[in-house]
Amino acid sequence: PEFTLNMYQTAGVAMLLFVLGRFLTNRIEFLKRCCIPAPVVGGLIFAIVHLVLYSCGVVQLSFDDNVKNFFMTLFFTSVGYTACFRLLKQGGKKVFTFLLVAIVMVCLQDVVGAALAKVFGWDMRLGLCTGSIPMVGGHGTAGSYGPLMENELDIEGANVLAIAAATFGLVSGSMLGGPIASARIKKHGLHSTENAVAQDDQPVVTTQAVENDRFLNAALYFALAIGLGAVVSQFLQDIGLTMPSYIGAMLVAAIIRNIVDAAHVEAPMIEIDALGNLSLSLFLAMALMGLKLWQLVDLAIPMIVILLAQTAMMAVYTYFVVFNVMGRDYE
């Protein structure tokens, strides 16, 4: 039997899985050390249990995608509000150097994914679902482009493959970062040269309680960006550009942030971040709990080979290219 949960039930299950994931990550050292997000842990456990129940013929569950897309849009809107040109300027030349390094990496990931997809007899476009879409874009971009490729481009298995690859990328990336950085630090005897004292032109991190008025203002910021963003997204669609559904809201949020900065108005960034983090947690839980792992059976072996190749490429690229291009120092 198949049951479909409505938006309220979907959100309720996602919150319970987030609580379960937080409980486990606080008590399992491996999860804490690798910085695996709590909603990913809870959602993945649910996906495995769902696989067992489906395989035994007990039940198949489906979830309301509208609530997942809503929280995804909220999260990326909060990301847009962090796009401050003033802070980018403080980063100087290295910001753009690293941007170039990242662009090259994106291209390499897509080449590896598409080439190995061809080797296994897949549609080469399916290989992109193991490339930069999930590896750089994460669950948000995978959750946008996966359904697009599967429903509109008729690429079977694209959605579940992209979400699964994003999960693998999250785990492997967390496990690669520490050891690679540690190896470089030890080999070259590196240490930080940054002045621990904040300078006048640098942002100072402060703590501030969430206030009702500021929280209301943050909600208004979200509503304005999402409302105008829907118009921008529709315009992009009308001129033939394929973009994630959240891109309009994210672009508008970035514009609003910089207008507000130029007018020397303080945006409620602490509250915007709080709403964004909550939205990300619920979105990730929904994305993972919606995984239908049985759809990956036919893709399993090729997918594992491609993802391992992506991991090896990333490790080599980070160790030899990123470190050397970015200055061969601790920072």
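These values consider heavy atoms only, across backbone and side chains, with no hydrogens, waters or symmetry-generated copies.
Between the side chain of N258 and the backbone N or O of A83 there is at least one donor-acceptor pair closer than 3.5 Å. A donor-acceptor pair under 3.5 Å is absent between the side-chain atoms of T141 and the main chain of G138, judged by distance alone. Side-chain atoms of E271 never come within 3.5 Å of backbone atoms of A218 as a donor-acceptor pair (strictly under, hydrogens ignored). Between the side chain of N66 and the backbone N or O of M7, no donor-acceptor pair lies under 3.5 Å. When atom types are taken as modelled, the side chain of Y81 and the backbone of P268 share no donor-acceptor pair closer than 3.5 angstrom. Judged purely by atom type and a 3.5 angstrom limit, E2 has no side-chain atom pairing as donor or acceptor with the backbone of S62. No side-chain donor-acceptor contact under 3.5 Å links T77 to the backbone of A249. No side-chain donor-acceptor contact under 3.5 Å links K68 to the backbone of A287.
Here the shortest heavy-atom pairing between D273 and T82 reads OD1-CG2, 4.2 Å. Here the closest heavy-atom approach between residue A165 and residue P134 is recorded as CB-CG, 3.6 Å. Across all non-hydrogen atoms, the minimal contact from G146 to A162 is CA-CB, 4.5 Å. Residues M124 and A117 come closest through the heavy atom pair CA-CB, 4.2 Å. Nearest approach of Y319 to A183, heavy atoms of both residues: CE1-CB, 4.2 Å.
Here the CZ-CD1 distance, from F215 to I272, works out to 11.0 Å after rounding to the nearest 0.5 Å. Here the OG1-OH distance, from T10 to Y8, works out to 11.5 Å after rounding to the nearest 0.5 Å. Summarising the geometry, atom CZ belonging to F75 is positioned 7.5 Å from atom CG belonging to N277; distances are rounded to the nearest 0.5 Å.
Under a hydrophobic-cluster definition in which Ile, Leu, Val, Met, Phe, Trp and Tyr are linked whenever side-chain heavy atoms come within less than 4.5 Å, directly or via other members, I259 and V231 are assigned to different clusters. In the hydrophobic clustering of ILVMFWY residues, with side-chain heavy atoms under 4.5 Å counting as a link, L16 and F46 come out apart. A chain of hydrophobic side-chain contacts below 4.5 Å, direct or via other Ile, Leu, Val, Met, Phe, Trp or Tyr residues, connects M15 to L5.
Considering only residues two or more places apart in sequence or on other chains, D238 meets the side chain to side chain donor-acceptor pair (under 3.5 Å) condition with Q234. Applying the side chain to side chain donor-acceptor pair (under 3.5 Å) test to S233 and every residue at least two apart in sequence or in another chain returns nothing.
Residue pairs satisfying the ring pair (Phe, Tyr, Trp, His ring centres under 6.0 Å) criterion with at least one member in residues 266-309, sequence neighbours excluded, are listed as follows: H50-W294, Y54-W294. The ring pair (Phe, Tyr, Trp, His ring centres under 6.0 Å) contacts involving residues 225-272 comprise F76-Y246, where partners must be two or more places apart or lie in separate chains. The stretch residues 101-116 participates, sequence neighbours left out, in these side chain to side chain donor-acceptor pair (under 3.5 Å) pairs: D110-S132.
Looking at D261 and R257, a side-chain N of the basic residue comes within less than 4.0 Å of a carboxylate O on the acidic one, giving a salt bridge.
Hydrophobic clustering, defined by side-chain heavy atoms of Ile, Leu, Val, Met, Phe, Trp and Tyr closer than 4.5 Å, groups L190 together with I185, F323, Y330.
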